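Reading through the structure tokens given below for one structure.
These values consider heavy atoms only, across backbone and side chains, with no hydrogens, waters or symmetry-generated copies. Positions are given from 1 along the sequence. As the structure is a prediction and not an experimental result, all values here were calculated from the model.
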Amino acid sequence: RLDPMLRRREPDDKEQPGGPAAPASPAKPHSDVGNYVLLTVLYTLQGVPMGLSASIPFILQEKTTDYNKQAVFSMVSWPFSLKLLWAPVVDAVFFRRIGRRKTWLVPCQLLIAITLYWGSTWITAALDNPSGPDIWAITYLFGTLYAMCATQDIAVDGWALTMLQRANVDKASICNSVGQNLGFYTSYIFFLLLSDADTCNTYLRSNPSPEPVLDLAGFMYLFAVVFLLTTVMVVLFKREKASPEDADAEGVREAYAKLWRVCRLPAVRALAGILLTVRFGFGVDGVASLKLQEYGLSKETMATIGTLMFPVYLAVPTLIGRFSKTHPLVTFVRCYPVRLAIGVVLVLTVLWFSVQHQSELPSSPPKLAIAFVIVVSAAGVLVSSAMFTSQMQFYCTLSDPAIGGSYMTLLNTITNLGGSWPSSLCLKLVGLLEQCTPIPGESTCVRPRDGFFPVALLCLLSGVVWMYFFLPVLHTLRELPLSMWRVSVELGAKPSQHAPNPERVLVRAAMRSAPWFVVLFTSFFALCVYWT
């Protein structure tokens, strides 16, 4: 009712003491520019150790072709998949004088800087060990970095909610996406390019040199300094604002109790069963990239392909998000068979490179073959990004406001875990089938057979069986009333009497598919016994 009077005032009129209060002005889009920059920098630093971890398998592939060691190293990303186990502690335990988020952010980044510096002093010797790379020491190093990055991620995600003005909080996801991708690709792609002497001589030097511009130890030392300087600047120049939520922060016990209440929901348990098994059909993708390198595609070429995929990663969520918002999980269901088909093409591509590698043709793959790998990679990234965006939109529609961020964190943790174990298992199965015997003084080993193709066949056929029996379960979950995803009864209507029990639907699908999976895995292990 005051709007007409306010519009009639002159711009320089001032409110007299005791008069009506002026309405609060909305947040300006540019009022949080400095906070946007800080969040992007923090998320970028978070992506650096992850990108380095992604480049290590390609370096290991040059040192040894033993896939058992690759399987061990693949476990370094598991801390990020299990961060829900200690997320309530990070959220509930803090020093008010320091700040709720800086209590964890500052020590984590200092520890990351110290670990990077310490690792730079011995990582080269561990990789160049005459008896083979010291895989357990390297795994412990990067697993520790991943655990600290996961803790830093929890703190930064929480700080973004209070650092930004309420009208700009939705921009935090953009800072997260841009920052993590920038840090990941900086330490993954550019490191692989700068660590190759031939690439440096071709594009960066006028006088050729046998040494690269930057090796792994130098890269780790550089970012140890960057982490240290950034942390010091955050401590000195960025003050954490106190928020009302800090005074009402729940205890650790209450936080875990909320998560347990979510886990008891039948709909959530059925969704967890789907998320933990849905990606086994794609588990061989990580092995395929290593096999392509083994059969002649250099790690620098793989890094270049990754660079070309970066725009796809950024563009797809924006294009797919609008459709997925109104049709949650429809995109995921439609893309699943396409993703399996791309997996078949990728396995056939590896087969072609394998045949060429065993022949007497030139070792360097033709440009047409590289172009085909780029097309297949782009198609895989496009479909995978569309499926991931559809998942995230579905999570947003069903998350219980009474639980807060714990609901989304739980679903994201299950999603990450469902994507981590298939890759580790496939690498281990390939290593067991190949029975690699190291050759003293060489980076290769004697293998009586190639274990990639039986494992790839097992994954793809399992994916087809999963699609036939379990995709209908996703349709059931998508059509459930919102009240079946709610912990608090008062937030939604009581579940409909006609709504199916999602756990029973999942169990029926599992029982119908069990004979097919038994046949597949029995045949696979019979082959393993016959070969070994």
Side-chain angles (χ1 to χ4, degrees), residues 32 34-50 79-80 82-118 143-166 168-169 171-173 175-176 179-180 183 223-260 402-410 412-413:
D32 273 326
N35 294 328
Y36 295 151
V37 173
L38 176 59
L39 286 174
T40 304
V41 170
L42 293 177
Y43 282 121
T44 300
L45 293 179
Q46 183 186 123
V48 169
M50 300 178 188
F80 217 88
L82 301 174
K83 65 181 180 179
L84 181 69
L85 298 178
W86 64 90
V89 178
V90 177
D91 199 51
V93 179
F94 59 93
F95 297 101
R96 297 186 186 276
R97 175 175 293 185
I98 299 175
R100 186 175 185 178
R101 309 304 174 183
K102 289 175 70 174
T103 297
W104 293 91
L105 175 69
V106 173
C108 282
Q109 294 203 162
L110 288 177
L111 287 174
I112 292 174
I114 294 171
T115 305
L116 284 172
Y117 172 75
W118 173 65
T144 303
L145 289 172
Y146 246 102
M148 289 185 287
C149 284
T151 307
Q152 189 250 27
D153 178 65
I154 298 169
V156 176
D157 285 347
W159 198 5
L161 300 178
T162 56
M163 181 188 300
L164 300 177
Q165 297 189 39
R166 188 173 299 275
N168 297 329
V169 167
K171 307 298 190 302
S173 60
C175 299
N176 187 326
Q180 280 195 0
F223 274 95
V225 175
V226 172
F227 265 94
L228 179 61
L229 294 177
T230 306
T231 306
V232 171
M233 293 180 66
V234 169
V235 171
L236 296 179
F237 301 109
K238 184 60 180 177
R239 183 182 180 88
E240 183 176 355
K241 298 182 296 184
S243 63
E245 289 80 5
D246 294 347
D248 300 330
E250 61 186 6
V252 177
R253 181 179 299 180
E254 291 79 5
Y256 282 110
K258 280 186 175 181
L259 290 178
W260 177 245
I403 304 301
S406 300
Y407 207 120
M408 284 288 291
T409 305
L410 173 65
N412 286 326
T413 299

Between L38 and V234, is the side-chain contact (heavy atoms from CB on, under 4.5 Å) condition met? List the steps. CA-CA 9 Å; L38 176 59; V234 169; 4.0 Å; yes
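- When side chains are defined from C-beta on, D153 counts as touching Y43, because their heavy atoms get closer than 4.5 Å.
- Expressed to the nearest 0.5 Å, how far CD of Q152 lies from CG of L145 amounts to 12.0 Å.
- For the pair R101/M163, no side-chain contact is recorded, criterion being any heavy-atom separation below 4.5 Å from C-beta on.
- A distance-only check finds no donor-acceptor pair linking the side chain of Q46 to the backbone of G179 [under 3.5 Å].
- In this structure, a donor-acceptor pair under 3.5 Å is present between the side chains of T151 and W86.
- Between L85 and T413, every side-chain heavy-atom pair lies at or beyond the 4.5 Å cut-off.
- For the atom pair T115 OG1 and W118 CH2, the distance stands at 7.5 Å (nearest 0.5 Å).
- In this structure, the side chains of V226 and F223 come closer than 4.5 Å at one or more pairs of heavy atoms.
- Closest heavy-atom contact between P49 and C149: CG-SG, 3.4 Å.
- Looking at L116 and F227, their side chains come closer than 4.5 Å, going by heavy atoms from C-beta outward.
- Taken from CZ in F80 to CD1 in I154, the straight-line distance is 8.0 Å, to the nearest 0.5 Å.
- Closest of all the heavy-atom pairs between T40 and T44 is O-OG1, 2.6 Å.
- The shortest side-chain heavy-atom distance between K83 and V90 does not fall under the 4.5 Å cut-off.
- Between W159 and K102, the closest side-chain pair of non-hydrogen atoms falls below 4.5 Å.
- One distance of note links CD of Q109 with CG of L45; it measures 5.5 Å at 0.5 Å rounding.
- Across T103 and V93, no two heavy atoms sit closer than the pair CG2-O, 4.5 Å.
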For L42 and L105: C-alpha separation, side-chain torsions, deciding distance, then whether side-chain contact (heavy atoms from CB on, under 4.5 Å) applies. CA-CA 10 Å; L42 293 177; L105 175 69; 4.1 Å; yes
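- Closest non-hydrogen pair, V89 versus Y256, comes out as CG2-OH, 3.7 Å.
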